Amino acid sequence: MIRITDILDRISVYHPEADLDLVERAYIYTARVHEGQVRLSGEPYLSHPLEVAGLLTELKLDTVSVAAGLLHDTLEDTGATMEDLTQLFGKPVAHIVEGVTKLSLLSFRSSEARQAESIRKMILAMADDIRVILIKLCDRLHNMRTLQFQSEKKQIKIAQETLDIYAPLASRLGIHWIKVELEDIAFKYFFPNQYHEISNQVAKKRDEQQEHVDKIKKVIETMMAEANLPCKVMGRHKHSYGIYQKMMKQGVDFDEVYDILAFRIILDTVPQCYQAVGIIHSVWKPIAKRFKDFIGIPKPNMYQSLHTTVIVPLGERVEIQLRTKKMDRIARDGIAAHWQYKEKGGFDQDTGAVFAWLRKLVEEQKDYKDPDEFMENVRIELFPDEVYLFSPRGDVLALPKGATPVDFAYSIHTEVGNQCTGAKVDGRMVPLKYELKTGQRVEIITSPRHKPSKDWLNFVKTPRARSRVRQHIKAEERKWSLALGREMCEKLLRKHNMSFNKSLKSDEFEAAVQGLGYKTADDLIAGVGYGKVTPLQIVRYLLPKTEITDEKETVVTKSKEPDARKRPKSGILLKGIDNVLVRFAKCCNPLPGDPVVGYITRGQGVTVHRTICHHALDMDPERRIELEWAPETKESYPVRIHVLCDDKMGVLASLTASISQDEANILDAAVNTRIDKRADCYFTISVSGADHLENVIRSVKKIRHVIMVTRVAT
Ligand code: MN
C-alpha cells in the first residue's frame with residue numbers, strides 16, 4: 001500500500017512549490033471518515049483512495065486533483081457533505097468530488113455496444129471538469145487491479161464495462177498507459193483462455209528474442225550516434241489485448257501478427273525525428289504503406305509520432321516509432337499532460353486552455369472520417385447540444401438539448417408517444433414540456449385512450465416527435481371529416497329517399513368524385529367534412545336536376561384552404577383538429593372564452609355548447625369532443641342578458657347608452673314592469689366574446705338603480 005509520504009514526495013519532485021498542506025489535510029480527513037471501513041481484500045478502505053491519489057501523481061496532476069482523489073469516495077460512502085468539503089478544501093476540490101460521485105451513482109443496465117457510445121458521451125457530458133474523468137479512470141484502474149476479490153459474476157460485468165466504456169475513454173483522452181492496463185486486466189477476466197494463451201506466447205517470444213532485441217537496439221543507437229542525433233531507444237512488446245484485437249480483426253494466428261515487437265526512439269526535436277526515420281529507411285527496407293506521419297497530421301487525441309515498419313536483417317518485420325520528449329509525454333498521459341507542471345508557467349489550471357486544446361481537436365475533425373473518434377465526445381463538452389437520459393430499464397438515450405418527456409416518449413416508440421399523458425423524472429411528476437437534463441431517469445406514463453395534442457408542437461424538440469404528432473393530427477382530422485361528411489351526405493340523401501350506401505357504388509357517385517376533383521370516394525366524403533364541398537354539390541350528380549330544391553346549408557364554417565393550420569372563421573378549434581364543420585347551439589349561445597364542449601350532431605357537424613348547458617349534459621358522452629377557442633376571433637356572437645332595476649324614469653335610456661358605449665349592438669330588448677316597482681329588462685346583444693360581455697355587464701352594474709345583471713344561460 002502506498003503511503004501518504006510517498007505521494008507527497010512524488011508531488012514535490014514534479015512540482016517543488018506545491019501546496020502540500022491541501023493534500024495532507026485531505027488525507028487526514030479521509031482517514032478519519034473512512035475509519036473502520038474495510039475493502040473486500042481485507043485491507044482498510046483508506047488504501048483505495050490512497051492508491052487512486054498515487055495514480056494521479058503518476059499523471060503528475062495538480063494538488064487539487066490529488067486532494068479530490070483522496071476524497072473521491074467520501075460523499076458516497078461516509079457522512080461527509082458538500083458543505084463540509086467546500087468549507088475544508090475549497091470549491092474546486094468539492095466540485096470535482098461531487099462530479100466523481102455523480103458518475104459513481106450512475107448504473108447502466110448493460111454496456112453492450114449499442115449503448116456504449118451513449119454511455120461514454122453521458123459520462124463526458126456529466127463531467128464539467130476533465131479532472132473528474134481522470135479521477136474516475138484512476139479509480140477504475142485501482143478497482144481493476146484488485147478485481148480478484150470480487151465474485152466471478154461481478155468480475156465479468158466490471159471487466160466488460162471496462163472494455164466497453166472506460167478503456168475507450170482513456171484512449172480518447174490519449175492516456176495510453178491507463179488504456180493499455182485497463183484492457184489487459186479486463187481481457188484476463190473477460191476472455192481468460194485467450195488471455196493466457198497470448199501472454200504465454202508473448203513471454204516465450206520475449207525470452208527467445210531478448211538477444212535479438214538488444215542487438216537491434218544497439219544498431220539503432222549506433223546509427224543515431226553516427227548522425228549526431230542524441231536519443232533514447234526502447235524495445236517493447238505489444239500488449240496482450242492489442243495482439244488479440246489484431247488477431248481478431250485480421251483473422252490471423254499469433255505467429256502471423258507482425259510488429260509484436262516495436263522500438264521507440266525519443267529525440268529532441270521534430271527535424272531530428274524526420275532525419276532519423278530517413279536514416280533508418282536508408283539502412284532497412286521499409287514496408288509500403290506502413291509509414292505514417294502523425295507529427296504532420298496528429299491523431300484526434302493529439303497523439304504525435306512517426307510510425308514505420310521495416311525489415312531487419314533476420315527478415316523480421318519491426319515497427320519503429322519516432323517522437324520528441326514532449327510528444328512522448330502526450331502519447332503517455334494525453335489530456336492529463338495539460339495539468340502537469342510546466343517549469344516556466346507552473347500548473348496551467350485554466351479550463352479555457354483545456355478547451356482550446358479540445359477545440360483544436362474538433363477543428364481537425366474533418367480530417368478524420370471515423371465516427372468513433374474522440375471529436376464527437378469533445379463536442380458535447382464544448383457545444384453542449386445533447387442530453388443523455390436513462391429509461392426505467394437503465395438504457396441510455398441521447399436527445400437534443402431542450403428535449404421534453406414527449407420527445408423521450410416518441411424516441412422509445414410511436415405508441416408510447418401517442419399515449420403519453422405525463423412523466424416522472426427521478427420519481428417526481430413533471431409537466432410534459434419539462435426540459436430534461438443529463439443523467440435523469442425518465443418514466444413515461446401512458447393511457448391507452450389518450451391522444452397527442454396539437455400544443456405539443458409548441459415544445460417538442462425532435463423531428464421524430466414533431467412528425468409523429470403532425471401525422472396523428474392529420475389522421476384524426478381525416479377520421480372526423482370522413483365521419484361528418486358521411487353523416488351529412490346520408491341526411492341529405494334520406495330527404496330524397498335515397499340510400500347513401502347504394503349511391504356510393506353508383507356510376508353517378510364516381511362522376512361526382514371525378515367532377516369535383518377528388519381521387520377517391522373517401523377523399524370526397526372527407527372533403528364534405530372539411531367543409532370544402534357541400535353535400536348538395538354531390539347530390540346534384542345523383543339526382544335529375546328538377547328534383548333539387550334550393551337547400552339552405554347549415555354550414556357555419558367553411559375553410560377554403562386545405563391547410564390544417566388555418567383557423568376556421570368561426571373561431572372555434574377542435575382540440576388538436578382544424579377544419580371541421582361547427583355550428584353554435586341556440587340553447588346556450590356560447591361566446592368566445594366560455595368553456596365549451598362539442599357534440600357530433602347527425603348531419604350538422606359539430607355543435608358547440610357551453611359546458612354548463614343542460615342540453616349538453618344530457619347528450620351521449622360517446623359523441624362528446626373537446627373544443628377550444630381560437631385566439632383573436634373577430635366574430636360577434638349573440639347573447640341574452642337580464643337586468644333587474646328600479647322602475648324609474650330614464651333608467652332604460654341609461655342602460656341602452658351604456659351597452660352601446662361598450663360597443664355591443666342591441667339586437668332585441670324587452671321590458672316587464674313588476675308590482676314591486678322594479679323592472680325586468682331583457683337584452684339580446686352582440687358581443688365578441690366572454691370578456692367583452694363581462695365589460696358590458698360591469699358597466700351596466702355601475703348604473704344607478706340597477707340591482708342585478710345576469711347572463712341568461714339558456
Ligand atoms: Mn473509488
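Here the structure is a predicted model, which is why all the values come from computation and not from measurement. Order of appearance sets the numbers: ligands from 1, and atoms from 1 within every ligand.
Looking at D62 and R131, a side-chain N of the basic residue comes within less than 4.0 Å of a carboxylate O on the acidic one, giving a salt bridge. A salt bridge is defined here as a Lys NZ or Arg NE, NH1 or NH2 lying under 4.0 Å from an Asp or Glu carboxylate O, and E435 with K461 fails to meet this definition.
Vertex the Mn ion (ligand 1), arms ending at NE2 of H72 and NE2 of H48: the angle is 90° after rounding to 10 degrees.
The nearest N/O/S atom of D139 to the Mn ion (ligand 1) is OD1. The Mn ion (ligand 1) is closest to atom OD2 of D73 (considering only N, O or S atoms).
With sequence neighbours excluded, no residue forms a salt bridge (charged side-chain N to carboxylate O under 4.0 Å, His left out) with K102.
No donor-acceptor pair under 3.5 Å is formed between the side chain of R264 and the backbone N or O of G235.
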